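Note on naming: letters A, B, ... go to the chains in the order of the sequence lines (proteins, then strands), and numbering restarts at 1 for each one. Note that the structure is a prediction, hence the values are computed from the model and not measured.
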Amino acid sequence: KHALNCHRMKPALFSVLCEIKEKTGLSIRGAQEEDPPDPQLMRLDNMLLAEGVSGPEKGGGSAAAAAAAAASGGSSDNSIEHSDYRAKLTQIRQIYHTELEKYEQACNEFTTHVMNLLREQSRTRPISPKEIERMVGIIHRKFSSIQMQLKQSTCEAVMILRSRFLDARRKRRNFSKQATEILNEYFYSHLSNPYPSEEAKEELAKKCSITVSQVSNWFGNKRIRYKKNIGKFQEEANLYAAKTAVTAAHAVAAAVQNNQTNSPTTPNSGGYPPSCYQSDGRLQ
DNA sequence: GCATATGATTGCAG
DNA sequence: CTGCAATCATATGC
């Protein structure tokens, strides 16, 4: 929906065409945009390049996108959203290139058109090369100002894309089904002490392809919400307890002399009741 | 559309 | 710094 408002450029293009067409050879006053070293343009160009919108097509683009995401993301990679992000960026890039090409083509066409007009006029009145040069210069300036608009709105679109995808809080994504599966499994199988160590968190993070702090958040939320009303989670608890019981049963059966599957010396801090059933999880 | 679920953030305490 | 509790903002199911 917010894709790109490049279409805004089209009227501009046509209006310029008409403007110049109407005033063939007359004074065109829009020449105040004098800019070989325009800082604004350079800024836009640099940003587009850095964002991988302009520049080499596929490989460079994705690399730049990944670099950009990594640069502002901080943590190395969760990479779940990268594909989505990259797809949208590719889309922007395509639109940008298409439009750019269109403008270029239009510019060339129009230049030759004007040249032809001038050539025709040269039969009725003398036309100096200087004048032709001036006309061409005017046309090119006009078109490059249009290009700048294109670049500007492309930058805008990229910025919006970025903020949408990289601002984690605004665009919350639920974890994958299997990720919550893994987390829940851990939670309910360590219900008496649902505080994973740093290593355990790292392991879980790796398995779920989320970050460690996301694991911490999840456990924080889960603990408080579980405690808040245990009743609501009872069904879930039983489900996962049963599930782990199956796997635990194997371990228990394999090593019968170890009578406990969970940590034997956990102090059971605070309000967590012993799990509905798990340590004697052998199926009967 | 609304109610609920859920991930993230904030403020506070130890 | 970690965890808890409240809260925010979005996602999701109806």
Output the rounded distance in Å from NZ (A/Lys232) to C1' (B/dT4). 8 Å
Earlier contact from the 5' end, DNA chain C, for A/Pro196 and A/Asn221: A/Pro196
OP1, OP2 of C/dA5 versus side-chain N and O of A/Lys227: anything below 4.0 Å? yes
Could you state the CG-C1' distance from A/Asn229 to B/dA5, rounded to the nearest angstrom? 12 Å
Starting at atom CG of A/Asn217, determine the distance to atom P of B/dT9, rounded to an integer number of angstrom. 7 Å
How are the rings of A/His190 and A/Tyr186 set to each other: parallel, tilted or perpendicular (split at 30° and 60°)? parallel
For A/Tyr195 and C/dT2, what is the distance between atoms OH and C1' respectively, to the nearest whole Å? 10 Å
Quick one: does A/Ser197's side chain have a donor or acceptor within less than 3.5 Å of a partner on A/Ala200's backbone? yes
Are A/Lys201 and C/dG3 close enough that a side-chain N or O sits under 4.0 Å from OP1 or OP2? yes
A/Tyr226 OH to C/dA5 C1': how many Å, rounded? 19 Å
Under 4.0 Å between a side-chain N or O of A/Gln214 and OP1 or OP2 of B/dG7? no
Does A/Arg223 put a side-chain nitrogen or oxygen below 4.0 Å from OP1 or OP2 of C/dC4? yes
Rounded to whole Å, NZ of A/Lys228 lies from C1' of C/dA6 at a distance of 7 Å
Among side-chain atoms of A/Arg223 and A/Asn221, is any donor-acceptor pair under 3.5 angstrom? no
Assess, by modelled atom type and distance only, whether the side chains of A/Asn116 and A/Arg119 contain a donor and an acceptor separated by less than 3.5 Å. yes
Hey, which sits more toward the 5' end of DNA chain C by its nearest nucleotide, A/Glu198 or A/Arg225? A/Glu198
Quickly work out the A/Asn184 CG to B/dT6 C1' distance and round it to whole Å. 12 Å
With a 4.0 Å cut-off on heavy atoms, is A/Asn174 in touch with a base, just the backbone sugar-phosphate, or nothing at all? sugar-phosphate
Please work out which of the three classes, parallel, tilted or perpendicular, describes the rings of A/Trp218 and A/Phe187, given edges at 30° and 60°. perpendicular
Please list, chain by chain and in numerical order, all residues satisfying ring pair (Phe, Tyr, Trp, His ring centres under 6.0 Å) with A/Phe233, sequence neighbours excluded. A/Tyr226
Out of the candidates A/Glu235, A/Glu181, A/Glu185, only one should pair with A/Tyr240 under the side-chain hydrogen bond (donor to acceptor under 3.5 Å, both in side chains) rule; please name it. A/Glu181
If you take any heavy atom closer than 4.0 Å to DNA chain B, which residues from residues 175-183 of chain A end up in contact? A/Phe175, A/Thr180
Take atom NZ of A/Lys222 and atom P of B/dT6, then tell me their distance rounded to the nearest Å. 7 Å
